[in-house]
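Every value quoted in this text rests on a predicted model; they were computed, and no experiment measured them.
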Amino acid sequence: MTEMQKICAAGDEFAIMFAEAGLPALKPATERYRGQGPYRYIKLTNARVIDGTGAPPWGPADLIIENGRITGLAKAGKAKPQDPSVALADYLVIDCSGKFLTPGFIDCHAHIGAPFHAKNGPQPSADYVYKLWLAHGVTTIRETGCFNGLSWTLEQQAAAEENRIDAPRILAYAPFPATTDYVKSLHTPEQTVAWLEDVKNAGADGIKFFGAPPSIMKAALEKCAQIGLRSCCHHAQLAVGRMNALQTAGWGLTSTEHSYGIPETLLEDQTLQAFPTDYDYGDEYLRFSAAGQTFTQAAQPGSAKWQSVLAGFLEKGHTFVPTFNVYDANRDLMRTRRADWHERFTDPTLWAYFQPQRGGHGAYWYRWSTTNEIEWRETFRRWMRFVNDYKNLGGRIGVGSDSGFMFQTYGFGFVRELELLQEAGFSPLEVLRAATAWGAELLGVGDDTGTLEIGKRADILIHNTNPLTDFKLLYGTGAMRLNDDSKSVDWDRSLETVIRNGVIFNPAELLEDVEAMVSAAREVA
């Protein structure tokens with residue numbers, strides 16, 4: 001172990017801080033309870049294909065899977081196995097007549113729980129989180145922060161890849177320990193470079209930033225590019241006054257998370273946001289209510305300044321992961337907190353954490369008002385316009401949920417993000433591309449997954465209806481529909497089967513497990 005690893009524990013700094021505060025990591029998943037297989041040979045026949053590239057549905061087609069990879073995809077009856085010696089009897093054949101195939105979804109901003117929740121009792125297990133993701137078609141996640149510890153996350157990553165647990169593929173982004181409000185153990189560019197080398201050697205896929213002194217941030221991003229670590233940043237208000245998202249994009253930042261740092265690039269008559277006189281970043285209400293005012297202090301949509309900033313990001317090849325859904329309650333708290341799924345699928349500790357509490361990150365509802373909601377609705381209007389304009393110029397957008405905060409439950413929050421991107425102006429086909437191909441490109445795994453193409457991982461979703469007709473059909477609860485024959489309400493759902501790494505999962509079974517976990521947790525509580 002190097003001296004730097006002794007000081008920084010190579011990516012576990014935040015987990016150590018939480019543990020010392022009495023907020024331990026959540027229970028890891030240790031077993032596989034669901035899913036059939038893995039099967040070496042699978043053939044999907046007579047399907048309609050939405051391949052994730054942006055191409056419209058086509059078919060009927062057959063798709064062949066060998067050892068977890070797509071080896072054949074062609075019109076029905078035309079797809080041939082890569083290994084001609086394999087007999088048809090060796091294949092698991094699934095008739096997909098009248099059904100639709102899409103790539104598995106990619107959640108570009110995810111957390112496998114968070115120690116914050118432990119303030120309100122035992123956290124739900126990682127198994128709870130994974131099952132909710134898989135049940136909503138999420139087959140790959142980017143763990144943006146590894147708050148349970150980088151070493152903990154890498155162990156879960158390996159277990160998922162080896163099919164030892166029911167979980168999506170996990171990409172681990174270690175938190176950068178140079179922020180004043182969390183952990184600050186890096187003080188010089190030299191320390192930063194050494195720490196990044198240790199984290200890379202430990203197995204991290206990337207780094208999650210919250211901000212840092214500019215010289216350290218610049219050195220870190222340049223080093224990340226040099227050694228092959230991707231990066232994402234939540235531009236915290238404590239740091240954005242010294243470097244906004246356009247500056248960090250110029251230093252090599254891969255993606256900007258949420259909206260922070262974006263409106264600061266659009267300021268015209270000032271260089272800093274005009275904060276309320278009583279502002280205190282440590283007060284969660286003031287922090288999040290003021291965040292709803294930044295866009296309204298910036299350049300108007302479509303203005304010369306607006307267009308020049310968009311062009312600047314586009315020139316740098318930057319990506320945005322807006323996570324609209326996690327701020328959805330800011331513009332309509334009552335609707336968000338009464339969502340259909342909370343009663344059956346939201347763990348009681350998670351629900352308790354969502355409630356107003358001082359000091360609870362994202363639990364700032366103790367003063368939330370009509371004025372706050374109106375300000376955030378205007379923020380959403382401008383923010384969505386910015387994201388949609390960037391997409392229309394050729395920029396890339398990733399789909400991220402950031403669930404586990406602000407009344408967003410895992411899996412359900414991801415589907416809500418799809419809806420919100422459509423609200424922003426994306427066509428359903430553009431939304432699906434962002435949730436698959438663009439997410440894979442952002443994470444650096446575009447050659448491996450994200451589209452239905454020969455040679456790529458067979459992360460595949462089977463839908464009984466076209467999911468592009470209504471994203472509500474993807475919710476675990478389904479979409480409310482009137483049954484004209486019975487004159488009663490049905491809850492229709494499109495997602496029927498999830499295939500990942502040769503294992504075939506039934507989303508209904510995964511949701512049954514989650515519902516049982518929630519019921520058991522409520523009995524204990």
Taking E417 for its side chain and F324 for its backbone only, find out whether a donor-acceptor pair lies under 3.5 Å.
-> yes

Test log, rule side chain to side chain donor-acceptor pair (under 3.5 Å), inputs T465 and S494 = CA-CA 5 Å; T465 57; S494 70; 4.7 Å; no

Roughly how far, to the nearest 0.5 Å, is CG of L44 from CD1 of I94?
-> 5.5 Å

Taking the side chain from Q123 and the backbone from A114, do they hold a donor-acceptor pair closer than 3.5 Å?
-> yes

Does the separation of the ring centres of F320 and Y390 fall below 6.0 angstrom?
-> yes

For G425 against E430, the heavy-atom pair lying closest together = O-OE1, 4.1 Å

Which distance, rounded to the nearest 0.5 Å, do you find between the CD of E419 and the CD of E423?
-> 9.0 Å

Measure the shortest side-chain to side-chain distance between F505 and I499 over non-hydrogen atoms and say whether it is less than 4.5 angstrom.
-> no

Of all residues at least two apart in sequence or in a different chain, which pass the salt bridge (charged side-chain N to carboxylate O under 4.0 Å, His left out) check with D328?
-> R331, R335, R416

What residues form a salt bridge (charged side-chain N to carboxylate O under 4.0 Å, His left out) with R230, not counting sequence neighbours?
-> none

For residues R32 and P38, report the shortest heavy-atom separation together with the two atoms involved.
-> NH1-CD, 3.9 Å

On the 0 to 90° scale, with breaks at 30° and 60°, tag the F116-F147 ring pair as parallel, tilted or perpendicular.
-> perpendicular

Applying salt bridge (charged side-chain N to carboxylate O under 4.0 Å, His left out), name anything that partners D205, two or more places apart in sequence or on another chain.
-> none

Under 6.0 Å between ring centres, would you say that holds for H234 and F209?
-> no

Separation between CG (D107) and CD1 (I170), nearest 0.5 Å, reads 12.0 Å

What distance separates I50 CD1 from T451 OG1, expressed to the nearest 0.5 Å?
-> 14.0 Å

Just grab all the ring-ring contact (aromatic ring centres under 6.0 Å, His included) pairs involving residues 446-483, residues at least two apart or on different chains.
-> W341-Y475

Evaluate the side chain to side chain contact (heavy atoms under 4.5 Å, CB included) criterion for residues H258 and H109: first the C-alpha distance (whole Å), next the side-chain angles of each, then the deciding distance (0.1 Å), finally the verdict.
-> CA-CA 9 Å; H258 319 305; H109 192 114; 3.6 Å; yes

Any residue meeting side-chain hydrogen bond (donor to acceptor under 3.5 Å, both in side chains) with N388, in chain and number order, not counting sequence neighbours = K391

Any residue meeting side-chain hydrogen bond (donor to acceptor under 3.5 Å, both in side chains) with N501, in chain and number order, not counting sequence neighbours | N163

Could you go through the side chain to side chain donor-acceptor pair (under 3.5 Å) check for T449 and D459 one step at a time?
-> CA-CA 7 Å; T449 191; D459 293 340; 3.3 Å; yes

Is there a donor-acceptor pair under 3.5 Å between the side chain of W376 and the backbone N or O of Q293?
-> no

Pair F380 + W383: ring centers closer than 6.0 Å | yes

CZ/F313 to NZ/K316 distance, rounded to the nearest 0.5 angstrom?
-> 8.0 Å

Expected output: side-chain E373 to main-chain L333 donor-acceptor under 3.5 Å = yes

List in chain and number order the residues that pass side-chain hydrogen bond (donor to acceptor under 3.5 Å, both in side chains) with H318, two or more places apart in sequence or in another chain; answer none if no residue qualifies.
-> T256

Between L132, L134, V498, which is the residue that forms a side chain to side chain contact (heavy atoms under 4.5 Å, CB included) with L510?
-> L134

Got a sec, which pairs hit salt bridge (charged side-chain N to carboxylate O under 4.0 Å, His left out) with one end in residues 436-451, sequence neighbours left out?
-> R69-D448, R169-D448, R396-E441, D448-R457

What pairs with F407 under ring-ring contact (aromatic ring centres under 6.0 Å, His included), at least two apart in sequence or on another chain?
-> W351, F354, W365

Approximate separation, where rounding is to 0.5 Å, of Y410 OH and D402 CG = 9.5 Å

N/O donor-acceptor pair under 3.5 Å between K456 side chain and G446 backbone = yes

Start with the C-alpha distance between E284 and Y366, add both sets of side-chain angles, then the distance that settles side chain to side chain donor-acceptor pair (under 3.5 Å), and finish with yes or no.
-> CA-CA 10 Å; E284 289 281 305; Y366 43 86; over 6 Å; no

Kindly give the heavy-atom pair with the smallest separation between N120 and Y353, and that separation in Å.
-> OD1-CD1, 3.3 Å

Is there side-chain contact between S403 and T409, with heavy atoms separated by less than 4.5 Å?
-> no

What closest approach, in Å, do L314 and L393 show between heavy atoms, and which atom pair accounts for it?
-> CD2-O, 3.4 Å

Looking at R34, R500, K131, which hits salt bridge (Lys or Arg N to Asp or Glu O under 4.0 Å) with D166?
-> K131

Under the side chain to side chain contact (heavy atoms under 4.5 Å, CB included) rule, what do M480 and D340 come out as? Steps first, then yes or no, please.
-> CA-CA 10 Å; M480 185 168 61; D340 291 321; over 6 Å; no

For K119, the salt bridge (charged side-chain N to carboxylate O under 4.0 Å, His left out) test, sequence neighbours excluded, returns none

Between N148 and G113, is there a donor-acceptor pair closer than 3.5 Å when you use the side chain of the first and the backbone of the second?
-> no

Can you tell me if Q408 uses its side chain to pair, donor with acceptor, with the backbone of N325 under 3.5 Å?
-> yes

Listed partners of H235 passing side-chain hydrogen bond (donor to acceptor under 3.5 Å, both in side chains), at least two apart = T248

Side chain of W133, backbone of A167: donor and acceptor closer than 3.5 Å?
-> no

Yes or no on side chain to side chain donor-acceptor pair (under 3.5 Å) for D127 and Y33, after CA distance, side-chain angles and deciding distance?
-> CA-CA 10 Å; D127 196 43; Y33 299 96; 5.6 Å; no

Where is the tightest heavy-atom contact between N244 and G261, given as atom of each residue plus distance?
-> CB-O, 3.6 Å

Do other residues, nucleotides or ligands put more than 12 heavy atoms under 6.0 Å from E343 CD?
-> no

Would you say the side-chain atoms of T323 pair up with the backbone N or O of S401, donor to acceptor, closer than 3.5 Å?
-> no

Smallest separation among heavy atoms of D492 and L473, with atom names | O-CD2, 3.6 Å

ring-ring contact (aromatic ring centres under 6.0 Å, His included) pairs touching residues 414-435, sequence neighbours excluded, are F105-F414

Short question: side chain of E515, backbone of F345 - any donor-acceptor pair under 3.5 Å?
-> no

Can the ring centroids of H111 and Y173 be said to lie less than 6.0 angstrom from one another?
-> no

